[in-house]
Amino acid sequence: MSDKPFFSVDDLHVHFAGRSRLFRPTPPPVKAVNGISFSIEPHRTFGLVGESGSGKSTVARAILQLVDIQSGTITLDGEDVTKVSSGDELTFRSRVQAVLQDPFSSLNQVHQTRTIVGDAITRHFGINAGADRDEEVMTLLDEVGLSREFLDRYPYEMSGGQRQRISIARALAVKPELIIADEATSALDVSIQSQVINVLKRVQADTGVAYLFIAHDLEVVKHMSDEVGVMYLGYLVEKGDAEKIYNGPTHPYTEMLIASIPMPNPVVQAERRSLRQSFDNDAEPPSPASLPPGCPFENRCPVTMDICREEMPAPTIGHHGGEVRCHLHTSGPELGGESVVQFIESTARRSSTV
Ligand SMILES: Nc1ncnc2c1ncn2[C@@H]1O[C@H](COP(=O)(O)OP(=O)(O)OP(=O)(O)O)[C@@H](O)[C@H]1O
Ligand code: SF4
Ligand SMILES: [Mg+2]
């Protein structure tokens, strides 16, 4: 067995050039992705989470070759996918598929399911429209939990959850090894969201497909993923086992995301509200076109130190065995056995008594 990961992103940087305007200086580039690294194995899911604008979709678009990368490598079975020639593009497209947020705009409204899913089969396997292709489409409908009656339906005759299942069936039609699901469940109601997540999980158990699962909701990402990466302004600030990070985050930003998840238990909800108030919730994140020299979370973080304003923390091993980029774990004060959340709370208590 090869010791190389099946799919890997290494030190990826993506910058968007600033648009020049007549008689005005060219603005600096938008640094949307700044040194992201992660890998995914078959049967596994890597979740990317972060607020709007943190660079999640740009990572997805870089993998799908929809944007140019500044530097870094993206490899599938050891091959650099950023250098796929146009002749090999169809092979790449059959190995890596995408399922996006809005199936209404990505599915052709004038076609029935038999054509939407069937055309993908024709393109990749050369099976022309007819009984055999319909049979393949119906097998895929079974896989995503839709009855065979959906063969004749148009997208506008379906609910959001059903359309998303059709998108998944279309992606599966080419037997991909990696599916990039970018906010694939975000627009759905909670109950439909969990049905679609169950479909994705069952498909993974049946086919071994790997997922890059992108969402801004950490609760959903945790539910879906084996490993998770937390993005803030283009940086991966924390990465590791999804369950361990959710239960014991080591970066204040991850803690803030968790504190924002509504909880049914009123006691826990009150604790989370009070933790949320420790953060500067009014501070605007810096612009990705003029990132500060230090930690980009510094103006929202409740436990900032001098070094945070001066130096970007390097990735170090977190208590959960994954990685974290925060000075608290390197040149910061000893946490003295406290978790980051306890440290944030005790710092807040100390400052309220001064
Ligand atoms: N084509 C582009 N040209 C210039 N800037 C861009 C372009 N695409 C994205 N950006 C910028 O890059 C940053 C990252 O955007 P991206 O869409 O990757 O974030 P995201 O995490 O997917 O956000 P969301 O949760 O809203 O989908 C943002 O500041 C965005 O404005
Ligand atoms: S590096 Fe400093 S400012 Fe950034 S998250 Fe850690 S403690 Fe907060
Ligand atoms: Mg996005």
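Order of listing sets the numbers, starting from 1, for every ligand and every atom in it.
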Report task. On the 0 to 90° scale, with breaks at 30° and 60°, tag the F46-F38 ring pair as parallel, tilted or perpendicular. Result -> parallel
To check your reading of the model: name the closest protein heavy atom to [atom], its residue, and the distance in Å.
atom: atom 8 (Fe) of ligand 2; answer: C301 SG, 2.4 Å
atom: atom 4 (Fe) of ligand 2; answer: C295 SG, 2.4 Å
atom: atom 1 (S) of ligand 2; answer: H327 N, 3.2 Å

Hey, are [X] and [Y] close enough for a salt bridge, meaning a charged N less than 4.0 Å from a carboxylate O?
X: K244; Y: E227; answer: no
X: D77; Y: K4; answer: no
X: D217; Y: K222; answer: no

Requested in this report: State, without any angle test, whether R170 and Q97 hold a side-chain donor-acceptor pair at a distance under 3.5 Å.
Outcome: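 No.
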Requested in this report: Look at C326 and state whether any of its N, O or S atoms is less than 2.8 Å from atom 6 (Fe) of ligand 2.
Outcome: yes
Query raised in the report: Are H251 and H329 close enough that their ring centres sit under 6.0 Å apart?
Result: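 No, the ring centres sit 6.0 Å or more apart.
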Query raised in the report: Just how far is it from atom CZ of R165 to atom OG of S167, taken to the nearest 0.5 Å?
Result: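 Here the rounded value is 12.0 Å.
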**Report entry** Separation of C295 SG from Y253 OH (nearest 0.5 Å)
**Finding:**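 One finds 11.5 Å between OH of Y253 and SG of C295.
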Query raised in the report: Going through the checks in order, is the side-chain contact (heavy atoms from CB on, under 4.5 Å) test met by L236 and L48?
Result: CA-CA 9 Å; L236 211 48; L48 259 191; 3.8 Å; yes
Report task. Heavy-atom distances under 4.0 Å are what count here, so tell me which part of H251 touches ligand 2: side chain, backbone, both or neither. Result ->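 Just the side chain.
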Those atoms of ligand 2 less than 4.0 Å from some heavy atom in [X]:
X: P252; answer: 5 (S)
X: E298; answer: 3 (S)
X: V303; answer: 7 (S)
X: C308; answer: 1 (S), 2 (Fe), 3 (S), 7 (S)

Query - D241 (side chain) donor-acceptor with G322 (main chain) under 3.5 angstrom - result: no
Query - N, O or S atom of S57 closer to the Mg ion (ligand 3) than 2.8 Å - result: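 S57 does place an N, O or S atom closer than 2.8 Å to the Mg ion (ligand 3).
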Requested in this report: Sort out the contact shell of ligand 1: every protein residue with a heavy-atom distance below 4.0 Å, listed by chain and number.
Outcome: F16, V30, A32, E51, S52, G53, S54, G55, K56, S57, T58, E183, P288
Report task. Apply side-chain contact (heavy atoms from CB on, under 4.5 Å) to H216 and S186, showing your working. Result -> CA-CA 8 Å; H216 54 268; S186 306; 4.1 Å; yes
